[in-house]
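What follows is a short report on a single structure.
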Number of protein chains: 2
Amino acid sequence: MKRVSPPGKGPALRVPVSNLEPGVCELEGDVARYVQRVHRLRPGARLRLFDPLLALEADAELLEDAGGAARCQIFAVQPSAYRALPIVLLQALAKGEKPELSIREATALGVERIVFVESERVVVKLEPERRATRRTRWQRVAVEAARQCGRGNLPALQGPLPLLDVLAQSTEAQRLLLAAEGEPLFSELDSWRADQTLALLIGPEGGLSGSEARSAAEHGFHPVSLGRTTLRTELAGVAALGALVAFAAWRAIGGA
Amino acid sequence: MKRVSPPGKGPALRVPVSNLEPGVCELEGDVARYVQRVHRLRPGARLRLFDPLLALEADAELLEDAGGAARCQIFAVQPSAYRALPIVLLQALAKGEKPELSIREATALGVERIVFVESERVVVKLEPERRATRRTRWQRVAVEAARQCGRGNLPALQGPLPLLDVLAQSTEAQRLLLAAEGEPLFSELDSWRADQTLALLIGPEGGLSGSEARSAAEHGFHPVSLGRTTLRTELAGVAALGALVAFAAWRAIGGA
C-alpha cells in the first residue's frame with residue numbers, strides 16, 4: 001500500500017498542520033514521517049496543507065531536505081470551502097474504541113458537532129483525570145478522519161456531559177431520538193430546512209431508561225426509527241447519519 | 001456486562017441452533033457456554049431458539065443439567081416472521097476484518113444477499129485453499145449478527161467473484177453504484193417498489209477502474225452519491241445501506 005506520488009502528478013497530498021500561515025514551515029514529527037516515509041514525497045512535490053482547527057487551507061511545496069527535516073514553502077492561505085451539515089450528534093458514550101469510531105464516521109459524514117452523553121445505562125464513566133488524555137485522542141482521530149475524507153474543518157467535540165443537562169440545553173429546530181419503536185426517520189424530516197440544525201440522539205447499548213426517554217420527549221425529541229430491529233449503538237449512529245446525509249443531499253440541505 | 005436472566009423475566013434469550021425440530025435437543029459447545037456461563041440461565045429458563053439457515057424459530061425451556069450439558073425442551077417450531085429487505089449488497093473485497101464488518105452490518109440492516117466482488121484495485125486476493133475457512137468464518141459472523149439484531153434468517157453470502165462476471169449477471173430492477181460524482185441516492189429511488197430488488201455496488205478503497213466503471217454503466221448501474229466527499233469503503237457501505245433502509249421504511253418497502 002505504499003504510494004509514491006511524483007511531483008505534479010495526481011491530487012496533492014492533504015496534510016494537517018496547526019497555525020497555518022504563509023511563509024516557510026517545518027512539518028512536525030508524525031506529519032513529517034507521513035510525508036517523507038509513507039508517501040515518499042521528494043523536494044518539489046506539491047502538498048495541500050489544511051489547518052482543521054482554524055478551517056484554513058493552502059497549497060505548499062516541499063523544499064530541499066535540511067538534515068531530514070520536512071520544510072515547505074506555503075502559498076496563499078484561504079478559508080476552507082468545506083461546509084458541515086447542520087447536524088449535531090448526541091451519542092451515548094460507549095465502551096472501548098467505540099467513541100473513536102463514532103468520531104471518525106461522524107466527521108467523515110460531515111456533522112457539525114458531536115456531543116458524548118452519559119446516560120443511566122452507559123457502561124463507561126470517564127474519571128476526571130482521564131478526560132484530558134481522552135479528549136486529545138478524540139481530537140487526533142477527528143483530524144485524521146478530516147484528512148482522509150477531504151474535510152477542511154473539525155466537528156466541535158464535546159462531553160461527556162450528563163444526558164439530562166444536554167437535553168435541557170437543546171435548542172436545535174429538529175430534535176430526534178433513534179428508537180426501535182419510532183416513526184420512520186424521514187417522515188419527521190419534511191420540515192427540515194437548510195438553515196435549521198438537527199440534533200440526533202443515539203442511546204446506549206441498553207437504550208435510554210424510562211425516565212430519560214420521558215425527559216427527552218419533554219424536551220422535544222421525537223422518537224424515530226430506521227425501520228429495523230435492534231442495531232448496536234455505534235452501527236445505529238452511522239446508519240442513521242448515512243440516512244440523514246443522503247436526505248440532506250437530496251433536499252439540498254447544507255454541506256459541500 | 002454479565003446479565004442474569006431469571007426464569008420468566010424479560011424477553012427470552014435468542015439462541016442460534018442448526019436443524020431445529022420439535023423434541024429435546026442438546027445445545028452445542030459455544031452456544032451451551034453462552035447460555036450457561038455468559039447468561040447463567042438455570043433449568044426452567046425460557047429460550048427463543050432460531051435456525052438461521054432454515055429460517056425457523058421455536059420457544060424452548062432449559063431442562064435439568066445432566067452432567068453440565070445444556071438440554072432443552074423445544075415447543076412448536078414455526079417459520080421466522082422476519083423478512084429481509086429486497087437489497088443486494090455487491091461489496092468489493094477489502095483487507096483484514098473489513099469483510100466481517102460488512103457482513104455484520106449488512107445482516108443487521110436486513111439485506112437479502114451479500115456478494116463480495118474482486119475488482120482491479122482490490123488489495124486482497126483470496127487463495128482457493130483459504131476460501132473455505134473464510135466462508136465458514138463469514139457464516140459464523142452472519143449468524144452472530146442475526147442473533148444480536150433479532151433477525152430470523154441469514155443473508156445469502158456469495159463470492160468473492162470477479163466483478164465483471166457479477167455485473168454481467170445482474171438482473172435486479174434497480175442497479176446503483178456508489179460514487180463520489182453520482183446523483184443524490186434518493187433521486188434514483190422514485191421508482192423503487194416493494195417487489196423490486198435493488199443492487200448496491202460499493203467499490204474498493206481506490207474506486208473502480210475506468211473500464212470497470214464503464215462496464216458497470218453498460219450493465220445498467222447508475223452512479224449515486226451520499227453527497228459527501230471520500231468515505232472509506234466499509235463506512236460508505238453502512239452509510240448507504242442505512243439510507244436505503246430508512247428510505248424503505250418510509251416508503252413501506254419490504255422488511256419486518
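Owing to the predicted nature of the structure, the values given are computational and were not obtained by experimental measurement. Chain naming here is simple, since letters A, B, ... match the order of the sequence lines and numbering starts at 1 in each.
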Checklist entry - Would the number of heavy atoms belonging to other residues, nucleotides or ligands and lying under 6.0 Å from CD of A:Gln196 be above 12? => result yes
Which atom pair, heavy atoms only, marks the closest approach of [X] to [Y]?
X: B:Phe247; Y: A:Phe186; result: N-CE1, 3.6 Å
X: A:Leu226; Y: B:Ala249; result: O-CB, 3.7 Å
X: B:Ala243; Y: A:Ala246; result: CB-CB, 3.7 Å

Next on the checklist: Please rank A:Arg104, A:Arg251, A:Glu105 by heavy-atom pairs under 4.5 Å with chain B and give me the top one.
Outcome noted: A:Glu105
